[in-house]
**Q** 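Quick one: the structure is below, questions incoming.
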Amino acid sequence: MTVPAQPLDPMVAGAEAPAFDANLARADFPIFRHPIHGKPLAFLDSAASAQKPQAVIDAVKTCYETEYANVHRGVYWLSARATEAMEAARGKVQAFLNAASADEIVFVRGTTEAINLVATSFGRGLMSAGDQVVISAMEHHSNIVPWQMLRDRSGIELLVAPIDGDGELIMEAFEKLLGPRTKLVAITQVSNALGTVVDLATIIRLAHGHGARVLVDGAQSAPHGAIDVQALDCDFFAFSGHKLYGPSGIGVLYAKAELLDAMPPYQGGGEMIRSVSFEKTEYADPPFKFEAGTPNIAGTVGLGAAIDYISALGLDAIGGHERALLDHATRRLEAIDGLKIIGTAKHKASVLSFILDGVHPHDIGTVLDSEGVAVRTGHHCAQPVMDHFGVAATARASFGLYNTTGDIDALVAGLEKVREIFGS
Amino acid sequence: MSDLRELYQEVILDHARKPRNFGKPAPCNREAEGYNPLCGDRVTIYILVEGDAIQEVCFEGTGCAISLASASLMTEMLKGKSVDEARALFGRFHDAMTGDGANNMDTLDKLAVLSGVREFPMRVKCATLAWHTFTAALDQASSTVVTE
């Protein structure tokens with residue numbers, strides 16, 4: 001019996017990625033028109049937050065200029081129009097993730113809020129003391145702290161699957177942690193500190209085999225390759241609009257309908273109710289059950305515009321372009337004396353973390369900034385990862401659709417300047 | 001670019017590479033820890049205070065060039081000073097760093113070498129970490145100083 005071929009992970013190299021003209025795309029982003037300290041901006045920090053194309057800026061502006069009112073409740077034309085626009089954006093997110101229904105798309109502030117929602121509603125609501133949550137050692141603080149808080153409040157056990165010296169999840173060790181008490185695996189699809197692309201298909205298969213649900217932190221993966229939540233069969237998927245070239249303050253939690261039906265609400269207030277009296281309050285159906293208060297209306301519209309923008313460019317093309325940049329940058333940085341790359345997994349996306357002998361990342365960052373090169377320095381909200389590699393901080397360059405080899409040239413020239421100032 | 005050269009001038013790089021008064025002194029009677037989570041600078045300040053006089057100031061730590069140089073320069077400046085003089089010096093240094101005290105430079109003696117930090121607001125906390133920690137040691141504050 002032949003085993004059917006595993007579908008290729010969209011986060012991982014496809015040799016035939018369509019061609020992509022980054023210079024053309026770059027012209028869509030007004031921020032690049034402004035020099036930094038007299039130099040062109042080489043923005044290498046999209047992993048922290050991405051720049052915005054004119055189409056997204058215009059969508060938000062148009063919303064406020066011509067189509068803005070509070071949603072869902074008004075009988076007047078403007079409110080109907082605003083509601084239509086927001087629900088259209090929800091539909092775009094559904095299509096972007098290939099979710100079965102728009103009712104499985106909950107708008108939140110960002111990935112952090114999405115995870116907190118799951119930790120509260122699923123964790124506190126549906127789990128009991130003695131149940132286990134498994135995370136990995138390469139998680140961002142937003143996929144660690146909510147589970148620690150759950151542990152401290154509810155007696156849930158928190159287990160951590162180790163990573164190796166390359167920043168890969170040790171799959172055998174992960175599997176050993178799974179058992180009858182495992183109720184949830186919470187895992188990043190791409191590590192923000194290391195760039196590691198995890199083998200989600202295997203993780204989800206193993207977790208489901210033990211009856212555990214899986215939450216995927218997609219903050220770093222959603223911008224770099226197609227996401228298909230039905231194909232993945234993940235139970236929860238979270239991502240942030242601002243990393244996807246959309247506005248800040250908007251994000252998405254996808255969850256399977258059966259889970260949203262079973263989970264108690266997260267925040268209470270208006271919009272998430274069907275009826276309220278002092279005797280009895282009835283909650284609305286999902287997704288509104290989880291959207292208390294007036295939403296970030298313009299944010300949803302901006303997110304929809306961002307999804308339209310990158311879908312038109314093609315996520316495969318964008319992913320292929322970024323992979324080529326990452327490969328090129330990795331080779332050039334490896335050639336620098338005294339530079340060590342942190343995070344050398346077999347499959348990586350967009351992120352290049354490194355340290356330099358004798359120069360603290362913070363000093364690297366300041367010198368690079370003087371050359372118009374923006375990188376992030378510090379612990380990247382992943383202190384356990386830093387501890388694992390025995391460093392206090394790294395410098396991190398990350399790639400987005402608007403980056404070019406010119407940006408890599410500027411990074412390398414900037415690092416030469418660092419050497420010059422600090423001596424070698 | 002000249003701002004950068006100002007920030008990372010030779011004296012600062014020298015202090016960062018070869019920090020003075022590095023290591024725990026014996027004896028010492030006050031100590032405190034400081035931490036800048038923004039970039040991972042960590043510093044422990046050790047003091048020997050007798051009456052009103054600061055007999056010994058030493059430090060241990062890891063961090064960026066600015067934080068190490070500032071700690072090193074601070075220990076050189078404070079040895080032998082009175083507690084009151086030390087607090088006054090910190091006040092003038094802090095003002096100079098945060099922009100209120102541009103005229104203070106000539107009263108800062110060798111600390112003036114850090115005046116370039118003013119042009120890099122994101123680095124001010126690096127320069128002041130050792131000083132905040134020193135004050136905490138003097139006051140025997142019980143929790144770790146954190147600057148962000």
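Here is how names work: the chains are called A, B, and so on, in the same order as the sequence lines, proteins then strands, and each is numbered from 1. As a basis for the values below, the full set of heavy atoms in this structure was taken, side chains included, without hydrogen atoms, waters or symmetry mates.
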**Q** If you draw a 6.0 Å radius around CG in Asp152(A), do more than 12 non-hydrogen atoms from other residues or ligands fall strictly inside?
**A**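 It does: Asp152(A) CG has more than 12 such atoms within range.
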**Q** Under a 4.5 Å cut-off applied to non-hydrogen side-chain atoms, are Arg5(B) and Ile421(A) in contact?
**A** yes
**Q** Could you check Thr62(B) against His360(A) for side-chain contact (heavy atoms from CB on, under 4.5 Å), going step by step and ending with a plain yes or no?
**A** CA-CA 9 Å; Thr62(B) 56; His360(A) 192 277; over 6 Å; no
**Q** Using a 6.0 Å cut-off, check whether atom CZ of Arg109(A) has over 12 heavy atoms from anything other than its own residue.
**A**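 At most 12 heavy atoms, drawn from other residues, nucleotides or ligands, come within 6.0 Å of this atom.
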**Q** Report, in residue-number order, which members of residues 65-72 of chain B are under 4.5 Å from chain A by heavy-atom distance.
**A**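 Counting heavy atoms that sit under 4.5 Å from chain A, the residues of residues 65-72 of chain B involved are Ala65(B), Ile66(B).
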**Q** For Ala392(A) and Gly40(B), which heavy atoms make the closest approach, and how far apart are they?
**A** CB-O, 4.0 Å
**Q** Surrounding NZ of Lys81(B) (heavy atoms of other residues, nucleotides or ligands, distance under 6.0 Å), is the total greater than 12?
**A**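 Atom NZ in Lys81(B) is packed in, count exceeds 12.
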**Q** Any idea which heavy atoms bring Thr366(A) and Leu7(B) closest together, and the distance?
**A**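 Closest approach of Thr366(A) to Leu7(B), heavy atoms only: CG2-CD2, 3.8 Å.
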**Q** A quick test of your reading: do over 12 heavy atoms of other residues, nucleotides or ligands sit less than 6.0 Å from CD1 of Ile31(A)?
**A** no
**Q** Please check if the side chain of Arg17(B) supplies one atom and the backbone of Phe422(A) the other of a donor-acceptor pair under 3.5 Å.
**A**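 Checked: pair present.
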**Q** Pick one of side chain, backbone, both or neither for Arg42(B), based on which atoms fall under 4.5 Å of a heavy atom in chain A.
**A** neither
**Q** Rounded to the nearest 0.5 Å, what's the gap from OG on Ser370(A) to CZ on Phe120(B)? Could you check?
**A**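 If I round to the nearest 0.5 Å, the distance is 7.0 Å.
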**Q** What is the distance from atom CZ of Arg123(B) to atom CG of Asp363(A), rounded to the nearest 0.5 Å?
**A** 4.5 Å
**Q** Select, from Asp369(A), Val367(A), Ile364(A), the one with the greatest count of heavy-atom pairs under 4.5 Å involving chain B.
**A** Val367(A)
